[in-house]
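Every value quoted in this text rests on a predicted model; they were computed, and no experiment measured them. We name chains A, B, ... by the order of the sequence lines, and we start the count at 1 in each one.
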Amino acid sequence: MADLEKGYQEWKENKLDKTVNNYGERKDEFTTGSNRPVKALYSPLDLEEIDYLDEINFPGQFPYTRGVYPTMYRSRLWTMRQYAGFGTAKETNERFRYLLDHGQTGLSVAFDLPTQIGYDSDHEMSKGEVGRVGVAIDTLADMETLFDQIPLDKVSTSMTINAPASVLLAMYIAVAEKQGVEKEKLSGTIQNDILKEYIARGTYIFPPEPSLRLITDIFEYCSKELPSWNTISISGYHIREAGSDAVQELAFTIADGIEYVESALSIGMDVDSFAPRLSFFFNGQMDFLEEVAKFRAARRLWAEIMKERFGAEKAKSCMLRFHTQTAGAALTAQQPQNNIIRVALQALAAVLGGTQSLHTNSFDEALGLPTEEAAKIALRTQHIIAEESGVADTIDPLAGSYYIESMTDDLVSEAREYLDEIEDLGGMAEAIKAGYVQREIQESAYQEQKAIENEEKIVVGVNKYKEDSKEIGDILKVDPGLEKDQCQQLNEIRSQRDSSDTEKHLNEIREAAINDDNLMYPILDAVRDYVSIGEICDVLREEFGEYEAKIF
Amino acid sequence: MSENIKVLIAKPGLDGHDRGAKVIARGLKEAGMEVVYTGLRQTTEQIVRAAIQEDVDVIGLSILSGAHSHLFPEIMKKLNDSGKDDVLVIAGGIIPDEDHDELKKLGINGIFKPGTPINEIVEFIHQELDVA
Amino acid sequence: MQIDVDKIFAGDERTVAQAISLVENSREDAFELLRKLYLKTDLAYLLGVTGPPGGGKSTLVEKIVARWVENGEKVAVIAIDPSSEFSGGALLGDRIRMGSIATHPDVFIRSMATRGYLGGLNPAIFDTVLVLSAAGYQRIVIETVGVGQNEIDIVSLADTTLVVTVPEAGDEIQSFKAGLMEAGDLFVLNKSDHATAHRMELILKQMIDLARSDNSDWKIPLVKTVATEEEGLDELIKHITAHKQFLHDSNLEVSNKKKVMKNHLIHLLEEGLRNKYIEPLLKESSFHASIDAVINREVDPYTKVSEWLNDFGKEDFDR
């Protein structure tokens, strides 16, 4: 090491500094997309403190820095799971089958806002929102249509649903029953991450305590009934989209995870009984190398925490498995085709970071819902990376890079600083109540905006290489008439079903809510008889109250 | 004088994405304006009432869910019915170009895409309110 | 702009809001209006609320207002936030915290920025109270944030002052300006379900005793609340009502009003003098030349000011 040190110093003085003096550097300061300093060069000297076996190790071995599985993509490529959903269940079902036919390997469902917030399509608050940002689901009938001709024992499904996740999960199970598929065979994920809703996404319904209770009810239910189901997708994606930097994304996501584990432990669950089915969801942003390091850091950090703090004994309890979505916030409305390149780079970083599944955004992201054409290109991006780039043919290929390894290590320490801060505040739920997390994110968001406006951060087409905007062809529009159709359908269902059954079910749900019984069971019974999501959530709203956001 | 420009930044409907609204609110404050941010899930009634009580000069509507086609006409109608038709209404978020003409006809004077720099919005407001 | 006085007395929200803007932005035009209102208006009961940030004041105010309107009162809230010293702008973030009462027909919420008013309290605040009183709001809450001189000045307008703090403000409490401890009629320890609440309670009690060693007949209560759960709310309302009654029964109500009006008259005078004499002077190039002269020691500042003071009111001063 001493020779190396000497060699480096000589190079720095004789070559680097001299050249910089003569030619200058492009910037006064080089920083990552998260404002972290970037040196001109990294070398073995930067890895002196890092122990390969302790901190990096081999894939499939604690702390899983190089990947959660021993063979990673050599055995199986990541799941190509494109988020889709709009309009009615019928239209979304068509898009699902289109994507599956075109080589998508898993489903990812986008629900409209009324569904996400537990309102039926005919609710006052639903006006104008039905079927806009995702598919409208009111009752099991919609769910059946959604998965028509899609065998639930063969396709895994991820549902982006949080506050009323129990209801949608119950509906999914009920559809499977009708298809003759046993619960045990069901494979998929529900996002079910309420904490980030309060911080960054806004589709909450109930206050934190009852929301956490709903989540642990799901953990418990699934540990008994749905062994292959991922009960939660602890998300950093939205935190990043809300404006946080990479360290905050990492830290706040892990902090949310810690809070969920604590919640489950506090109701007496054993950590190894639910931890293996926790999963994560990260953002794929533009600073290519920082993102790769971030994913690796996430795995290591979680593994260390699960072992040290929670004493997890099962290997699977310490494995951070994650889905990635390429960053929507990085895409531009200006010169939208540039977004194809952006998404390709972001996706590549996720693959080099060892993601288990991946969604690539369509290039018209900043303009509206994806057209079929745009959605196809997004999917092809993954195909080309998988089949033509060669990066999937060896595991964690960027490992050993002096920059990547030292940055991975740095991100772990930097994230831990935030985690300590949050501990001091009493944990993530308290930190959110105090507004700490929101303020951190807002500050980062504002600084980023300033940096773009000052041209410290360049966004091609926005503050450099600008062009007069030209219209790009079509964007997808949702037929406003569908709202009426959806409401009509809902009315028909209501008139056809047995209203005393509905009453009975709602009462059972109320009882369970009051008596602290697991709500999954009465909710499942209710959805089988076509009780609607709004009806179920209204009862819960009465018992649990509604969350009112108070923090600016 | 910018100090006297009062702005309401509102998020109508169920859309929970407030990064832009908050960044703009802060940006307008740093440009010397007085900004009231309504928070999420505002009904049209809440927005109009706030605009009236706060006697704002500008209303900025932020929406990314596509529900603008329904919500904006409702808001504009309520504003006109309550006699608060002298306020500058601007919007931002995900609002497709093809909807702009309709919205301008309603009286929404400026629609800003993602990526719009804050000072472009500030200048627009100054211009429309005829302020130095 | 012409404001219809009758509409104000009738409580027309739009007119009231415009009148408040006038009061904030065009002081001289506002006087026209205020003149017409004053003699016909009984000023509302004013509740001042302040305390360190994060204390849950807005939640508490929301709950208090909700109770009052339940009892048939018309209530207004003036929520004051600081203007930025750099830009002059402000983020008025209290309204967002009162979501559930903001839609009530008998509630009027107005956010105001301090506007970095030089020399004490912005007289526009009192004048806003006058407008709202004329419009029929019998109870007005003035809410501000902070524990410094500005806030003391703001709550000095109030009949009853609530100082709201929380256990987490632990060390910050040392920074409470002494004047605030003297100004508070009721102290509230919110989020009192917190682990360190008891300790904070003791500290507060001590500070209250120290600050109020006078012989006032009003025993200052410390009420523990958990605003979000409405715990302690009934007790707090009782104390507020009791204080209102106390003011009425003792002669304090009258002497307080005199004090407030005296201050308001002084502020209006100061404002008038500044507008009439000082602002024009500041615009003169001779003023800036004078600064140079003083710096260069051609003249001392005291002599300079005497000259100006002498000139004020003289005919030839109005150039």
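Atom CG of residue B:L106 and atom CD1 of residue B:I75 lie 10.5 Å apart, to the nearest 0.5 angstrom. Taken to the nearest 0.5 Å, the CD1 atom of A:I199 stands 10.5 Å off from the CD1 atom of A:I194.
The side chain to side chain donor-acceptor pair (under 3.5 Å) check on B:Q53 picks up C:E13, C:R95, with sequence neighbours excluded.
Both the backbone and the side chain of A:E129 come within less than 4.5 Å of a heavy atom in chain B. In this structure, the portions of A:P114 lying under 4.5 Å from any heavy atom of chain B include both its backbone and its side chain. With a 4.5 Å cut-off on non-hydrogen atoms, B:I95 does not touch chain A at all. For B:T43, the part lying under 4.5 angstrom from a heavy atom of chain A is the side chain only. A:Y204 touches chain B through backbone and side chain together, each having a heavy atom under 4.5 Å away. Only the backbone of A:E365 has a heavy atom closer than 4.5 Å to any heavy atom of chain B.
A:N283 pairs with exactly one of A:Q325, A:E241, A:R240 by the side-chain hydrogen bond (donor to acceptor under 3.5 Å, both in side chains) rule, that one being A:E241.
When the candidates B:E30, B:E74, B:K11 are compared by the number of heavy-atom contacts under 4.5 Å with chain A, B:E30 comes out ahead. Among B:D18, B:I94, B:N119, the residue making the largest number of heavy-atom pairs under 4.5 Å with chain A is B:I94.
Scanning residues 64-73 of chain B against chain A with a 4.5 Å heavy-atom cutoff picks out B:S65, B:G66, B:A67, B:S69, B:H70, B:L71, ordered by number.
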Quick one: do A:E91 and A:T88 satisfy side chain to side chain donor-acceptor pair (under 3.5 Å)? Show the steps, please. CA-CA 5 Å; A:E91 286 165 87; A:T88 57; 3.1 Å; yes

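With respect to B:K78 and B:D81, no salt bridge is recorded, no charged nitrogen being found less than 4.0 Å from a carboxylate O. Checked for salt-bridge contact, A:E249 and A:K196 miss the test: no charged N lies under 4.0 Å from a carboxylate O. With respect to B:E102 and B:K105, a salt bridge is recorded, a charged nitrogen being found less than 4.0 Å from a carboxylate O.
With A:Y547 as the aromatic partner, B:R41 does not meet the cation-pi criteria of under 6.0 angstrom to the ring centre and within 45 degrees of the ring axis.
Contact annotation: the side chain of A:E443 never approaches that of A:Q248 to less than 4.5 Å [non-hydrogen atoms, C-beta and beyond].
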